[in-house]
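One structure is given here, and the rest of the page talks about it.
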Amino acid sequence: MDMQMYAQIAEVIAALALVLTLVFLVIELRKNISQTKLVNIANRDLVNSEFVHFWADEKNAGLVVKGRNDFASLNSTELYQFESFIEQRVKLFAFGSTTVFGEDRIIQQHKIREFFQYPGAIECYQKKVTNKLIPPMWRTVVDPALTQRE
C-alpha cells in the first residue's frame, strides 16, 4: 500500500470519528434537556407548595375566603393582597402548563375551573383582564379551561 491509500483510510476513520462524536453530542444534549425539564417540574412543584402553605396560614386563609365570597367587600389592603393571590395562582397555572400533557392537562383544567368556581375569584380575574393586567400568554391557559364545560 502506498501513502495515498493510508491517507484515504485515515480520512474515513476521521469522518467516522466525527459522526460518532456528533451522535454522542446529540445523546448528551437530549439527556440534558430531559434533566432540565425534570428540574423545572420539581421547582414548579416546590413553588406551588410554598404558595399553598403561605395562603393556608390562618390569617391569609381568612382573606382568601372573604375575597372568594365577596370581592367587593375587601378594603384596599385586602384588595391588594387578594389580587396578588389571584395573579400568583394564574401565573402558576400558566408556567405549569408548559410541562403538562395528556391526562395531566385535563387535570390542570379541572384545577383551574375549581379555583375559579368562587364568584370573588372570577370577578377579580375578570377585573385584571379588563384592566389588561393579565398577559395574553397566561390567558391562553386559563380562559379555555373556564369556557370549557365538564
Side-chain angles (χ1 to χ4, degrees), residues 1-61 63-65 67-68 71 78-150:
M1 284 208 284
D2 61 345
M3 278 303 248
Q4 191 171 11
M5 184 65 122
Y6 286 125
Q8 290 173 348
I9 292 172
E11 280 182 37
V12 169
I13 292 172
L16 189 59
L18 184 61
V19 168
L20 290 174
T21 300
L22 289 174
V23 168
F24 174 77
L25 283 174
V26 167
I27 291 169
E28 289 302 312
L29 284 173
R30 284 182 177 233
K31 283 186 202 176
N32 191 321
I33 289 170
S34 176
Q35 289 171 346
T36 300
K37 283 182 183 179
L38 291 174
V39 167
N40 284 342
I41 290 168
N43 187 46
R44 184 201 67 216
D45 290 345
L46 177 64
V47 168
N48 190 50
S49 292
E50 290 174 356
F51 174 85
V52 169
H53 287 121
F54 177 81
W55 288 105
D57 176 74
E58 188 174 340
K59 180 180 134 196
N60 297 330
L63 169 68
V64 170
V65 170
R68 282 177 168 179
F71 181 67
E78 293 170 332
L79 185 65
Y80 173 78
Q81 291 172 313
F82 189 72
E83 286 180 343
S84 294
F85 165 72
I86 297 295
E87 185 174 336
Q88 287 171 348
R89 191 63 179 126
V90 169
K91 190 184 302 185
L92 287 172
F93 285 137
F95 289 112
S97 72
T98 61
T99 56
V100 293
F101 304 100
E103 182 68 25
D104 287 342
R105 180 153 322 255
I106 293 168
I107 291 169
Q108 185 188 36
Q109 289 176 346
H110 287 296
K111 286 181 177 183
I112 292 170
R113 283 193 296 275
E114 189 275 332
F115 181 80
F116 285 107
Q117 71 180 333
Y118 304 95
I122 195 70
E123 185 180 344
C124 179
Y125 175 74
Q126 289 170 341
K127 175 187 171 193
K128 292 183 87 49
V129 167
T130 301
N131 293 335
K132 299 187 182 335
L133 298 173
I134 301 290
M137 183 178 77
W138 297 359
R139 291 186 59 205
T140 62
V141 174
V142 175
D143 291 353
L146 295 178
T147 57
Q148 182 182 23
R149 297 289 169 230
E150 300 286 323

Closest heavy-atom contact between A61 and A56? CB-O, 4.0 Å

Between I112 and V141, what is the shortest heavy-atom contact and its length? CD1-O, 3.8 Å

Name the orientation class of the two ring planes belonging to F115 and F93 (parallel below 30°, tilted from 30 to 60°, perpendicular beyond 60°). perpendicular

Looking at E28, I'd like to know if its CD atom is crowded, meaning that more than 12 non-hydrogen atoms belonging to other residues, nucleotides or ligands lie closer than 6.0 Å. yes

List the atom of Q117, the atom of E114, and the distance in Å for their closest heavy-atom pair. CG-O, 3.1 Å

Is there a side chain to side chain contact (heavy atoms under 4.5 Å, CB included) between L22 and V26 once you walk through the steps? CA-CA 6 Å; L22 289 174; V26 167; 5.6 Å; no

Quick check for you: to the nearest 0.5 Å, what is the distance between R30 atom CZ and I27 atom CD1? 9.0 Å

For E83 and C124 the tightest heavy-atom approach is CG-SG, 3.6 Å

Partner of Y125 by ring pair (Phe, Tyr, Trp, His ring centres under 6.0 Å), out of F71, F82, F85, F116: F116

Quick one: pull up CZ in R89 and CG in N48 and give me the separation to the nearest 0.5 Å. 5.0 Å

Run L146 and Q126 through side chain to side chain contact (heavy atoms under 4.5 Å, CB included) and show every step you take. CA-CA 11 Å; L146 295 178; Q126 289 170 341; over 6 Å; no

Do T36 and N32 meet the criterion of a side-chain donor-acceptor pair at a distance under 3.5 Å? yes

Relative to each other, are the rings of W138 and F95 parallel, tilted or perpendicular (30° and 60° limits)? perpendicular

Kindly check if the number of other-residue, nucleotide or ligand heavy atoms within 6.0 Å of NZ (K111) is above 12? no

